[in-house]
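Comments concern the structure below.
Please read all numbers here as calculations on a predicted model, not as lab measurements. Residue numbering restarts at 1 for every chain, and letters A, B, ... go by the order of the sequence lines.
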Amino acid sequence: MDKRAAAHLLDTIATYLELKGENPFKVRAFANAARAVETLPGTLEEALASGALAEARGIGPATLEVVREYAGTGRATALEELRREVPPGLLEMRRISGLGAAKVRTLHAQLRITTLAELEAAARDGRLAALSGFGEKSAQKILRGIEFLRRTSGLALAHHAARWGEEIRLAVAALPGVAGVEVAGSVRRRAEVAHDADLVAGTALAPAELGRRLQAAVPALGVAEAPGGLKLTREDGASADLYAVAPDRFAAALLWATGSAAHLERLAAHAADRGLTLGPGGLEQDGEGVRCRDEAALYAALGLPFVPPELREGGDEVARAAAGTLPRLIERDDLAGGGLVHCHSVYSDGANPIAELAAVARAAGYGYLGLTDHSAAAAYAGGLREDAVLRQHAEIEELNRGWPDFRILKGIEADILADGTLDYGAETLARFDFVIGSIHSRMDMDRATMTARVLRAMDDPHLTILGHPTGRLLLTRDPIALDLDAVLAKAVERGVAIEINGDPQRLDLDWRRCRGARDAGVMLSIGADAHSLPGLDNMDLGVAVARKGWLEKTDVLNTRNREGFLAFARSRRQT
DNA sequence: GCCGTTTTCGGCCCGACTGTTTTCAGTCG
């Protein structure tokens, strides 16, 4: 069991306690404990054995016992009891925006509602609106929320699916009789959400025997035979398809399982133009299979350069490959000497002191850390009042004296207020090396008002980067209503960079808009939006979005060195 | 439930908005 599973368990208990109407501070204690577990260094087993978990801030006797029991037995008595008391359907309802624990409790107590279907019926037939504390608008909002849940059901954030896929990959790779195994599907294409994980294994073993060996190696895994291979399930419901093929079919099977369907269709059409047949079984010429030792060889047999999985979405990538004009996509190494931008420290709602963030960024090869705590308006996130800004800047200057080759930049994530002005006055904004402007409140404005708000913020010469421009939270909240074309045009006109936020729940700007933005002359900036040390790795997810959006190194602001980055910020202020 | 001590209880993040009310509970970030 890993830290994330333990954290998820504690979070689930917190939600059940909340639905039960427990003391809110007790609820928060479990949620805090979840965060404490998640941000623990080392593995969970090590932390349990060394006593580090027991010592961790936020972990007390009760939460420690929950984790200990789960790690030891795979069971959680506390959760099992809560499940008997609180209908699990309430947990689903809690995910609807506008439905907090108190309202869910009311619905359960007054209308005996325990499922989404019952909730929908009550919202439609007027029973819900008749309840005290509810009204017609609540009913409509809830119906919209149910629709959103339906639309996103069965989907997982891609980085969760990727982690789960990687666990399987490692387990399968270690089995005797397996020549190779890779994660495929939308996870390999670096999509933002995924239905499940897909893997391909090259092996001479029959699926049944492969399943037996895998089951013996990982007893907790659900293993069943399925067409072409195995269906794998985890106790929390996550599933994965593992396709088993003969080793000499591996490349073709990997290509096919990676998709997308639209890419394969174009690739098959390209093959047909050349007198070849491409199908699930591989490449054929005159009825004879064409042997390809890997995917690159398969593309080469089609007269094409290797098409990176991120680009395989069925746009014009096959045509561009045929013309030899695929981009040289940005890579993680292109950020060496560049900036790890958009980080939160303990000054606002981050978990780590500035020095720790900076040390990790420096060790990872970055040339600077773009520190951006929240501004004062974000009171919920401990946003910095002006005196705290001064204290933070003094600390940064002191830290910056400590290293010759690295700098912390004084940034801020300033709230874009309802009227489109940036939080803080011009005098305070001018103290920062750069400013990310983001919307965190009043997300429900109509499109015209919201667009005017964002455009006005972009007129402020202190604004360097527009943060998470659409405000979406994947599988949780739709994007704000915004004329993105107008925003991108303004970004070009005013020299504002647009963020690619690497938080796995955001991945915003959407990759689908990156290429067009770049072609229009927009500068993009990859941001981690890190709130802890593990969050610094969000940069990799941001790079994946940029790659999927056809971006090259020069399209991304923070591939520039410190002087280049600062020059970009300064140039706005001088116009 | 956890923390921290002023060390075994009292405090724990809070301001703004929304939809409901007609003064405010609930939700959100």
Side-chain angles (χ1 to χ4, degrees), chain A residues 9-11 13-37 53-67 78-79 82 93-110 123 128-145 344 346-351 373-385 388 413-419 423 438-446 449-450 453 467-468 471-473 476-478 480 501 503 505-506 508 529 531:
Chain A
L9 169 65
L10 291 165
D11 267 327
I13 290 176
T15 307
Y16 271 109
L17 291 172
E18 195 187 18
L19 287 166
K20 223 183 118 184
E22 271 283 2
N23 172 3
F25 295 109
K26 182 172 171 181
V27 173
R28 194 192 299 164
F30 275 89
N32 287 344
R35 271 192 82 173
V37 169
L53 181 64
E55 294 296 310
R57 198 183 151 77
I59 298 289
T63 48
L64 176 65
E65 184 47 37
V66 168
V67 176
L79 181 61
L82 285 165
M93 289 161 57
R94 181 69 184 75
R95 287 181 52 212
I96 294 173
S97 168
L99 269 192
K103 290 199 165 175
V104 170
R105 268 204 309 283
T106 303
L107 291 166
H108 182 223
Q110 306 274 323
L128 188 142
L131 283 180
S132 164
F134 292 79
E136 190 46 39
K137 283 193 176 175
S138 313
Q140 292 310 317
K141 190 169 183 190
I142 284 166
L143 286 174
R144 285 197 300 277
H344 299 269
V346 289
Y347 273 84
S348 63
D349 59 350
D373 274 304
H374 284 286
S375 66
Y380 61 90
L384 273 59
R385 297 185 193 282
E413 184 178 18
D415 267 38
I416 296 175
L417 305 177
D419 64 357
D423 199 8
S438 304
I439 287 184
H440 291 118
S441 59
R442 299 292 305 273
M443 322 275 296
D444 57 347
M445 289 179 168
D446 67 76
T449 313
M450 183 64 90
R453 174 188 184 186
H468 44 74
R472 73 175 180 185
L473 290 179
T476 301
R477 186 177 71 207
D478 276 327
I480 55 175
N501 187 297
D503 182 309
Q505 259 210 299
R506 295 189 181 274
D508 178 16
D529 205 354
H531 289 78

Complementary nucleotide for dG15(B) - Watson-Crick or wobble, under 3.5 Å: dC28(B)

Pairing residues for H344(A) by the ring pair (Phe, Tyr, Trp, His ring centres under 6.0 Å) criterion, not counting sequence neighbours: H342(A), H374(A), H531(A)

dT7(B) and dT18(B), which share atom name C1', separated by this distance in whole Å: 44 Å

Separation of the C1' atoms in dT5(B) and dG11(B), to the nearest angstrom: 12 Å

Atom-to-atom span, CG of L384(A) to C1' of dG15(B) - whole angstrom: 17 Å

Whole-angstrom distance between dT20(B) and dC28(B), as gauged at atom P: 15 Å

Between CG on residue L53(A) and OG1 on residue T63(A), distance to nearest 0.5 Å: 7.5 Å

Contact pattern, 5' to 3', of nucleotides 2-14 of chain B - B, S or - by protein heavy atom under 4.0 Å: SSS-------BBB

Between C1' of dT21(B) and NZ of K137(A), the distance in whole Å: 13 Å

Distance, rounded to the nearest Å, where F134(A) contributes CZ and dT20(B) contributes C1': 11 Å

Rounded distance in Å between the P positions of dG1(B) and dT6(B): 25 Å

Upstream residue (5' side of DNA chain B) when I96(A) and R442(A) are each assigned their closest nucleotide: R442(A)

Point-to-point distance, once rounded to the nearest 0.5 Å, from OG of S438(A) to CG of D529(A): 7.5 Å

Atom-pair distance (CZ on R105(A); P on dG26(B)), nearest Å: 8 Å

Sugar-phosphate, base or nothing in reach of E65(A), heavy atoms under 4.0 Å: nothing

Rounded distance [0.5 Å steps], CD in E413(A) versus NE2 in H468(A): 4.5 Å

Gap separating the NZ atom of K141(A) from the CZ atom of R144(A), nearest 0.5 angstrom: 7.5 Å

Sugar-phosphate, base or nothing in reach of R477(A), heavy atoms under 4.0 Å: sugar-phosphate

R477(A), CZ: over 12 other non-hydrogen atoms inside 6.0 angstrom: yes

Whole-Å distance separating the CG atom of L10(A) from the C1' atom of dG1(B): 12 Å

Residues, nucleotides or ligands: over 12 heavy atoms within 6.0 Å of R35(A) CZ: no

Nucleotide dG29(B), atom C1' - distance to CD of Q505(A) in whole Å: 13 Å

Sugar-phosphate, base or nothing in reach of A101(A), heavy atoms under 4.0 Å: sugar-phosphate

Minimum side-chain heavy-atom gap L82(A)-L19(A) below 4.5 Å: no

Nearest-angstrom distance, P atom, dT23(B) to dC13(B): 32 Å

P gap between dG26(B) and dT21(B), integer Å: 13 Å

First of G98(A) and A139(A) reached from the 5' end of DNA chain B, by closest nucleotide: A139(A)

From dC17(B), dG19(B), dG1(B), nucleotide with atom closest to S138(A) side chain: dG19(B)

Selected nucleotide, minimal atom distance to R94(A) side chain, candidates dT20(B), dG1(B), dC28(B): dC28(B)

C1' gap between dT8(B) and dG4(B), integer Å: 11 Å

Rounded distance in Å - CD1 (I480(A)) to P (dC28(B)): 18 Å

R472(A) side chain vs R506(A) backbone, donor-acceptor pair below 3.5 Å: yes

Sugar-phosphate only, base, or nothing, as touched by L99(A) at under 4.0 Å among non-hydrogen atoms: sugar-phosphate

Atom pair distance, as rounded to whole Å: CG in L131(A) and P in dG26(B): 13 Å

